[in-house]
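To keep things clear, I will list the structure first and then write my remarks on it.
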Amino acid sequence: MRIVLLGGPGSGKGTQAKKLTDTLGVPQISTGDIFRAAVKEGTPMGLKAKGYMEQGELVPDDVVIGVVEERLTKPDLDKGYMLDGFPRTVGQAEALDKILAGQSKGIDHVVLVDVPDEELVKRLSGRRTCKNSECGRMYHVMFNPPKKEGICDACGSELYQRADDSEATIRERLGVYNSQTAPLIDYYDRKGLLRKVEGVGPIDEIFASIQKVLK
Ligand code: AP5
Ligand code: ZN
C-alpha cells in the first residue's frame with residue numbers, strides 16, 4: 001500500500017507513521033528526517049537544506065524531488081510505503097505522479113490529519129524527539145510525556161527539542177503550510193484519493209480512525 005500523510009506541522013504525521021509502520025509493515029519515508037540526518041552529517045545536501053529548515057521555509061523542489069526519486073528506487077519498498085512530509089507543493093505532487101507513472105504504480109490513499117493552527121502551535125512548542133535516528137519517537141511534555149523525563153521509553157536515548165520548534169519558526173511553518181501545502185488537499189480530492197481524519201483527540205483514537213479509512 002502506498003500512502004501519503006498530509007497535515008500541518010505538528011499534526012501528528014510522524015507519531016502516526018511510527019505506529020502504522022508496525023501494523024502495515026511498510027516503511028515511513030520522512031523527507032524531514034532525511035534532511036535532519038543530512039544536516040547532522042554535514043553532507044552537501046544537508047548544507048543546502050539547513051538554512052531553509054532553520055527559517056521554517058521549504059527546501060527547493062528540485063532538491064526534495066531528487067531525494068525522493070532516489071529513495072523510491074530502493075529495494076525495501078515492495079509492500080509499499082508511507083510518505084510523511086512529501087509532497088508539500090503542487091510541483092512535488094506532480095513530480096511524484098510522474099515518478100510513479102514511470103514505475104506503473106500509483107498512490108492508494110492520501111490521509112489528511114486535520115488539526116487547527118492554535119493546537120499545532122501548542123504541540124510543536126512542547127515536542128521532544130528521541131536523539132537516536134533509528135528510533136526517532138516523538139513525545140510531548142504535557143500531552144504525551146515519556147515515563148522518565150528527557151528519556152525515550154522505547155530505546156532509552158536522550159530526548160531533544162528540534163531547532164525549528166521555536167515560536168517564531170513555528171508561525172513561519174504554519175504560514176508556509178497554509179499557502180504552499182494546503183492546495184494539495186484539493187489536488188488529491190479531485191483525484192478521489194483524499195481521506196480526511198479528525199486529528200484532535202487521543203493518539204490511539206486518531207490511529208484507529210486512520211486504520212479505518214485505509215480499509
Ligand atoms: P518535517 O520534519 O516534515 O516537519 P513538519 O511537517 O513541520 O512536521 P513535524 O515533523 O513538525 O510534525 P508531525 O506532523 O510529524 O507531528 P508529530 O507527530 O511530531 O519538516 C521539517 C522541515 O524540513 C520543513 O520545515 C522544511 O524546511 C523541510 N522539508 C521537509 N520535507 C520537505 C518537503 N517535502 N519539501 C520542502 N521542504 C521540506 O507531533 C507533534 C507533537 O504533537 C509531538 O510532541 C507529539 O507528541 C504531539 N502529538 C501528536 N499527536 C497528538 C495528539 N493526538 N494529541 C496531542 N499531542 C499530540
Ligand atoms: Zn528512542
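Indexing begins at 1, ligand by ligand and atom by atom, following the structure's order. Atoms considered below: every heavy atom in the structure, side chains included; atoms not considered: hydrogens, waters and symmetry mates.
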Taking the basic N atoms (NZ, or NE/NH1/NH2) and the acidic carboxylate oxygens, is any pair closer than 4.0 Å for [X] and [Y]?
X	Y	value
Lys122	Glu167	no
Arg171	Asp117	no
Lys19	Asp204	yes
Asp108	Arg195	no

Suppose I only count heavy atoms of [X] and a 4.0 Å limit; which atoms of ligand 1 are within that range?
X	answer
Gly8	14 (O)
Arg36	2 (O), 21 (C)
Tyr139	43 (C), 44 (O), 46 (O)
Ile206	53 (N)
Glu57	26 (C), 27 (O)
Phe143	55 (C), 56 (N)
Gly14	13 (P), 15 (O), 18 (O)

Closest protein heavy atom (residue, atom, distance) for [atom]:
atom	value
atom 34 (N) of ligand 1	Gly85 O, 2.9 Å
atom 37 (N) of ligand 1	Val59 N, 3.0 Å
atom 29 (N) of ligand 1	Phe35 CD1, 4.0 Å
atom 7 (O) of ligand 1	Arg173 NH2, 2.7 Å
atom 16 (O) of ligand 1	Gly12 N, 3.2 Å
atom 35 (N) of ligand 1	Gln92 NE2, 2.9 Å
atom 12 (O) of ligand 1	Gly10 N, 2.9 Å
atom 23 (O) of ligand 1	Met53 CE, 3.3 Å

Total protein N/O/S atoms whose distance from the Zn ion (ligand 2) is less than 2.8 Å:
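Count of protein N, O, S atoms less than 2.8 Å from the Zn ion (ligand 2): 4.
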
[X] to ligand 1: N or O pair under 3.5 Å?
X	result
Asp164	no
Gly201	yes
Ser30	no

Quick one: which of Asp84, Val67, Ile34 gives a side-chain contact (heavy atoms from CB on, under 4.5 Å) with Ile29?
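Of the listed options, the one satisfying the test is Ile34.
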
Are [X] and [Y] close enough that some pair of their side-chain heavy atoms sits under 4.5 Å apart?
X	Y	answer
Gln103	Leu100	yes
Glu172	Glu57	yes
Arg128	Gln161	yes
Ile170	Leu120	no
Lys50	Phe35	no
Cys152	Asn132	no

I want to confirm something. Looking only at heavy atoms, which of [options] is nearest to [atom]?
atom	options	answer
atom 47 (C) of ligand 1	Glu205, Lys122, Gln180, Arg123	Arg123
atom 4 (O) of ligand 1	Arg137, Lys13, Arg162	Arg162
atom 20 (O) of ligand 1	Gln16, Lys18, Arg88	Arg88

Looking only at heavy atoms, is any part of [X] under 4.0 Å from ligand 1, and if so is it the side chain, the backbone, or both, or is it neither?
X	result
Val64	side chain
Leu124	side chain
Val200	neither
Tyr177	neither
Thr15	both

Can you list the residues that meet the ring pair (Phe, Tyr, Trp, His ring centres under 6.0 Å) rule with Tyr160, with sequence neighbours excluded?
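Partners of Tyr160 under the ring pair (Phe, Tyr, Trp, His ring centres under 6.0 Å) test: none.
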
Verify the cluster assignment for [X] and [Y]: are they in a single hydrophobic cluster under the rule of side-chain heavy atoms below 4.5 Å apart?
X	Y	result
Leu58	Leu174	no
Phe207	Val4	no
Val26	Leu96	no

May I ask you to decide if Asp164's main-chain N or O and Thr169's side chain share a donor-acceptor pair within less than 3.5 Å?
no

With no hydrogens and no angle check, is any side-chain donor or acceptor of Lys13 less than 3.5 Å from a backbone partner on Gly8?
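It does hold such a pair.
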
Would Gln28 and Asp33 count as a side-chain contact (heavy atoms from CB on, under 4.5 Å) if you check the C-alpha gap in whole Å, the side-chain angles of each, and the deciding distance to 0.1 Å?
CA-CA 10 Å; Gln28 167 198 16; Asp33 286 351; 4.2 Å; yes

More than 12 heavy atoms of other residues, nucleotides or ligands under 6.0 Å from OH of Tyr52: yes or no?
no

Gly7: heavy atom below 4.0 Å from ligand 1, yes or no?
no

